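Written out below as structure tokens is the structure these notes cover.
The chains referred to below are lettered A, B, ... by the order of the sequence lines, with proteins before strands, and numbering in each begins at 1. Just the heavy atoms: all of them, side chains too, but no hydrogens, waters or symmetry mates, feed the values below. Since the model is a prediction, treat every value here as computed from it, not as a measurement.
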Amino acid sequence: MITFENVTKIYPPNIKALNNLSLFIGPGEFVSIVGQSGTGKTTMVKALIGEERISQGKIILGDWDITHIKQREIPYLRRQIGVVFQDFKLLPKKTLFENVSFAMQVCGHVPSQIKAIVPQVFKLVGLEHKMHRYPSEVSGGEQQRVVIARSLVHRPKILLADEPTGNLDSINAADIISLLERINRLGTTIILVTHNKEVVNSLRRRVITIDGGRVISDQKKGKYLL
Amino acid sequence: MVILSFIRIVKFAFQDFFRNFWLSLITITILILSLFSINFLIIVGVVSQAAIASVESKIDLSLYLATDANEEDIGVLKNELTLLPEVTGVEYISKAQALEAFQFKHKDDSEIIESLRELGNNPLNPSLVVSARKLPDYEKVIASLDNLSKNNIIESRDFDDHKSLLTSMQNITYKAQQVAILISIIFGAITILVVFNAIRIAIYTHQKEIRIMKLVGASNWFIRAPFLAEAILYAFGGVLGIILIFYPFVHLLQPYLGAFFEAGNLQLVGYFQDNFIKIFGIQFLIAAIINIVASLLAVGKYLKV
Ligand SMILES: Nc1ncnc2c1ncn2[C@@H]1O[C@H](COP(=O)(O)OP(=O)(O)O)[C@@H](O)[C@H]1O
Ligand SMILES: [Mg+2]
């Protein structure tokens, strides 16, 4: 489903973030991508959603070669990939409900669709009773669950989560991970970028370890290596 | 869905307009100043046209006839003149009328009145005053005088074309228009900069929303459109402002300028009322285009989708 073929990314002036990286992720998988900071994990994620152009190689999604994706096609790509980023927060002046419905509004959904889908995704992340609160009125873990809810409104086939547990304590982190597992069981491919050892080890799913912009290990039921 | 998106975009633009209220106010003020200078240009045009028309209406051609010309010949000549296509009117001033007018004109000058009386009889010539529409028409009339059957009774002619006055008026108008055009261009350039800056700041204050819109897959035009809508909103506000400011201004100006003209010759307020849609509609279009260009520049530079 997702194929990286000998992908190299060089940031100007001469920073090699990805170095001839190849990997394949099948539909419905739950893959953890681990590695030390600065090894190119976020660059990989950004290349996959068309935010960064790669210097060499190929990226293919299903049968869609997105290596040279056109600017106007990027929105269609992004509606198929939900993303959770560290700098992709909630808008503080909107309620949780408004935050999620904003994502649907700007993509042109009609109010009836919004009214039907938003409560569903809130239910999925277990926050249907707090929908009308503001982000400052809920915990960090709950905010992160709303971010995940927001990434699900287009029913994406793939969910990319870059350090979703970054600022959370271990209990909240475990909550997020079990939420991702639940979403995965509903059929969504999950790519989890993390350096949280506990999380990776408890998952017992596929682990890809990256170092220096290339894959150094790929294990079916992996453990955190480094 | 298109209508819904349109409503959302307009709403977004309005929200932003009020979120950066002072910036919006300054932007619109600059726009009003540019529009003011453009409308001033229109006033200069209307006033100078009225002035030139009023001078042109004063031009006439006087044909002085022999003192012994008989009434019959004069009647024939008058008819022939009237039949010329360029001529709009011919007025006959008899010897007696000429004397009366002369006496009236010099009624305070006892020396002239005295010498007239000493002369005993009426020394003045009868005359025909010919009027035409435009300056070149008079030249044609003068050229055709030789072909008239009774032209022998014409003793002399007096033609004051006010040419030097007209030329200097046209020069003044030209210079005033040049200055107004220059000022309009300067304000136009300032408008572009100010709108560019306002949109840049609007983009900056919406960084978070823009990032979210991009990552959730909002289409590029949907992300950009609110900033274009905001630019159009500025143009609308500017034209509304200039209409509110300009009418009182023209009302105040009218009596001052009107004093220089004969009654009814200068209708500034009427001119703006009669051409309301044309004048302000075109200004709205121009302002909208300039603002959209400025907005596109800012969006292109600061809003990477
Ligand atoms: N926009 C950028 N410009 C230049 N260098 C960058 C940029 N983004 C990341 N890098 C560099 O590329 C390398 C990989 O970064 P990143 O993909 O963020 O790593 P990770 O997510 O694994 O921490 C790092 O050396 C980082 O400094
Ligand atoms: Mg990273």
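More than 12 heavy atoms of other residues, nucleotides or ligands shown are found within 6.0 angstrom of CG on A:D65. At most 12 non-hydrogen atoms from other residues, nucleotides or ligands lie less than 6.0 angstrom from CZ of B:F14. The number of heavy-atom neighbours closer than 6.0 Å to OH of B:Y204, taken from other residues, nucleotides and ligands shown, is 12 or below. Atom CZ of B:F236 has 12 or fewer neighbouring heavy atoms from other residues, nucleotides or ligands inside a 6.0 Å radius. B:Y174 OH: 12 or fewer foreign heavy atoms inside a 6.0 Å radius. Counting heavy-atom neighbours within 6.0 Å of A:H129 NE2, excluding the residue itself, gives a total above 12. More than 12 non-hydrogen atoms from other residues, nucleotides or ligands lie less than 6.0 angstrom from CG of B:L244. No more than 12 heavy atoms of other residues, nucleotides or ligands lie within 6.0 Å of NZ in A:K157, so this atom counts as exposed by the packing criterion.
Of all non-hydrogen atoms in B:A218 and A:C107, the two that sit nearest each other are N-SG, 3.7 Å. Residue A:R78 comes nearest to B:G217 through the heavy atom pair CB-CA, 3.8 Å, listed as atom of the first residue, atom of the second, then distance. Across all their heavy atoms, B:K208 and A:L90 have their closest contact at NZ-O, 4.4 Å. The two residues A:Q105 and B:F222 have their closest heavy-atom pair at O-CZ, 4.2 Å. Taking every heavy atom of both residues into account, B:S219 and A:R79 meet most closely at N-NH2, 3.7 Å.
Proximity to chain B (any heavy atom under 4.5 Å) is shown, for A:K94, by neither the backbone nor the side chain. Neither the backbone nor the side chain of A:Y76 comes within less than 4.5 Å of any heavy atom of chain B. For A:Q80, no part lies under 4.5 angstrom from a heavy atom of chain B.
Between B:R211 and A:E51, at least one side-chain N (NZ, or NE/NH1/NH2) sits under 4.0 Å from a carboxylate O, which counts as a salt bridge.
With hydrogens and angles ignored, the 3.5 Å screen pairs no side-chain donor or acceptor of B:R8 with any backbone N or O of A:V106.
Chain B forms the most heavy-atom pairs under 4.5 Å with one residue out of A:G50, A:G82, A:P111, A:S151, and that residue is A:P111. Put simply, of A:R72, A:M104, A:K89, A:H154, the one with the most heavy-atom pairs under 4.5 Å next to chain B is A:H154.
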